[in-house]
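For the single chain, residues carry numbers from 1 onward in sequence order.
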Amino acid sequence: MSREKTKAVLNQSVSDLSKAAALVHQVHWYLRGPGFMKLHPKMDELMDGLNSHLDVLSERLITIGGSPVSTLKEFDELSNIELETATWDKTTEERLTEVVKAYKYLSDLFQEGVHATDEEDDDVTNGLFADAKGDIEKTIWMLESELGLAPGL
């Protein structure tokens, strides 16, 4: 089986995880105000998690015969995650809200991956997408709790 849908979602994930990591890194650098001391290192943890998912999904794509996008230009062209030039005028809440938005998008994308891999009978990649989705959902819950929001994916 060619697994074209699975390969496409994997490559979309490579692009979006790369751009999400850049967004989190931007937040890491531009955070200011109350909560900085705990949120600054938390952004490092989030970047590590995104990069871990990126590595696993990229290697899976290669394993099943695909070719992951790998340039900043490709990431920018393919990704659906918004990233603007940073400024100092955003609040911590605004910055965390941007991260939550990106993570909710990733959760939806990984669900697309679950569907594609179900359709193409790829249980291994299905498990990778399911695990990534669970991790992303947990992070959404934590970030929204930091923002004072009740759980509600």
Side-chain angles (χ1 to χ4, degrees), residues 1-31 35 38-83 92-153:
M1 180 175 274
S2 67
R3 300 186 231 183
E4 292 308 312
K5 288 181 182 179
T6 297
K7 290 176 187 176
V9 177
L10 281 166
N11 233 344
Q12 185 67 52
S13 298
V14 168
S15 176
D16 288 321
L17 283 163
S18 297
K19 200 123 174 231
L23 171 65
V24 171
H25 206 173
Q26 184 182 73
V27 170
H28 172 81
W29 286 336
Y30 281 81
L31 273 175
K38 68 178 178 180
L39 291 170
H40 186 74
K42 184 65 176 173
M43 294 302 115
D44 284 327
E45 290 176 33
L46 295 184
M47 284 186 291
D48 289 345
L50 292 169
N51 287 326
S52 177
H53 292 307
L54 172 63
D55 191 54
V56 167
L57 294 178
S58 296
E59 289 174 354
R60 181 63 183 163
L61 178 56
I62 294 167
T63 300
I64 64 172
S67 300
V69 294
S70 60
T71 67
L72 296 175
K73 181 179 180 187
E74 290 171 308
F75 300 154
D76 199 41
E77 289 173 351
L78 185 60
S79 178
N80 292 311
I81 292 181
E82 296 176 29
L83 183 61
T92 297
E93 182 176 337
E94 289 170 323
R95 293 202 183 282
L96 292 181
T97 298
E98 289 176 345
V99 174
V100 168
K101 180 181 175 185
Y103 272 66
K104 284 183 175 182
Y105 166 76
L106 289 172
S107 177
D108 291 342
L109 177 62
F110 295 160
Q111 186 61 53
E112 287 178 35
V114 168
H115 293 311
T117 56
D118 275 344
E119 186 178 320
E120 295 180 340
D121 295 320
D122 183 346
D123 293 339
V124 173
T125 310
N126 183 283
L128 298 177
F129 276 123
D131 289 347
K133 181 174 173 61
D135 181 60
I136 292 295
E137 287 178 349
K138 181 178 178 182
T139 302
I140 292 168
W141 161 61
M142 290 180 168
L143 290 170
E144 287 187 330
S145 293
E146 178 67 26
L147 290 168
L149 302 172
L153 299 171

| side chain to side chain contact (heavy atoms under 4.5 Å, CB included) assessment of Thr125 paired with Val9 | CA-CA 11 Å; Thr125 310; Val9 177; over 6 Å; no

Do the non-hydrogen side-chain atoms of [X] and [Y] ever get within less than 4.5 Å of each other?
{"X": "Asn80", "Y": "Gln12", "answer": "yes"}
{"X": "Glu59", "Y": "Asp55", "answer": "yes"}
{"X": "Lys104", "Y": "Val100", "answer": "yes"}
{"X": "Ile64", "Y": "Arg60", "answer": "yes"}

Heavy-atom closest pair, residues [X] and [Y]:
{"X": "Glu144", "Y": "Ala150", "answer": "OE1-O, 4.2 Å"}
{"X": "Leu147", "Y": "Glu93", "answer": "CD2-CG, 3.6 Å"}
{"X": "Tyr103", "Y": "Thr139", "answer": "CE2-CG2, 3.4 Å"}
{"X": "Asn11", "Y": "Pro68", "answer": "OD1-CA, 3.2 Å"}
{"X": "Val114", "Y": "Thr117", "answer": "O-OG1, 3.0 Å"}
{"X": "Ile140", "Y": "Ser107", "answer": "CD1-CB, 4.3 Å"}

Inter-residue atom distance [X].[atom1] - [Y].[atom2], 0.5 Å rounding:
{"X": "Asp16", "Y": "Leu23", "atom1": "CG", "atom2": "CG", "result": "11.5 Å"}
{"X": "Leu10", "Y": "Leu109", "atom1": "CG", "atom2": "CG", "result": "9.5 Å"}
{"X": "Leu83", "Y": "Asp76", "atom1": "CG", "atom2": "CG", "result": "8.0 Å"}
{"X": "Asp108", "Y": "Ile136", "atom1": "CG", "atom2": "CD1", "result": "11.5 Å"}
{"X": "His53", "Y": "Leu17", "atom1": "NE2", "atom2": "CG", "result": "7.5 Å"}
{"X": "Asp123", "Y": "Leu128", "atom1": "CG", "atom2": "CG", "result": "11.0 Å"}

| request: Just jot down the ring pair (Phe, Tyr, Trp, His ring centres under 6.0 Å) partners of His115, sequence neighbours excluded, or say none. | output: none

| said: For Gln111, is the CD atom crowded, meaning more than 12 foreign heavy atoms sit under 6.0 Å from it? | reply: yes

Enumerate donor-acceptor pairs with a distance under 3.5 Å from any side-chain N or O in residues 41-50 to protein atoms, sequence neighbours excluded.
unit_1: Lys42; atom_1: NZ; unit_2: Glu45; atom_2: OE1; d: 3.1

| query | What orientation do Phe110 and Phe129 show, parallel under 30°, tilted 30 to 60°, or perpendicular over 60°? | reply | tilted

| Do the side chain of Lys19 and the main chain of Ser79 share a donor and acceptor less than 3.5 angstrom apart? | no

| Would you say Glu74's side chain and Val69's backbone share a donor-acceptor pair under 3.5 angstrom? | no

| message | Let's go through Leu39 and Glu146 carefully: what are the C-alpha distance in whole Å and the side-chain angles of both, what is the deciding distance for side chain to side chain contact (heavy atoms under 4.5 Å, CB included) to 0.1 Å, and is it a yes or a no? | response | CA-CA 10 Å; Leu39 291 170; Glu146 178 67 26; 4.3 Å; yes

| message | Salt bridge or not between Lys7 and Glu4? Use side-chain N to carboxylate O under 4.0 Å. | response | yes

| task | List the steps, then state whether side chain to side chain contact (heavy atoms under 4.5 Å, CB included) holds for Lys133 with Glu137. | result | CA-CA 6 Å; Lys133 181 174 173 61; Glu137 287 178 349; 3.0 Å; yes

| query | For Ile81 and Leu106, what are the C-alpha separation, side-chain angles and deciding distance, and is it a side chain to side chain contact (heavy atoms under 4.5 Å, CB included)? | reply | CA-CA 9 Å; Ile81 292 181; Leu106 289 172; 4.3 Å; yes

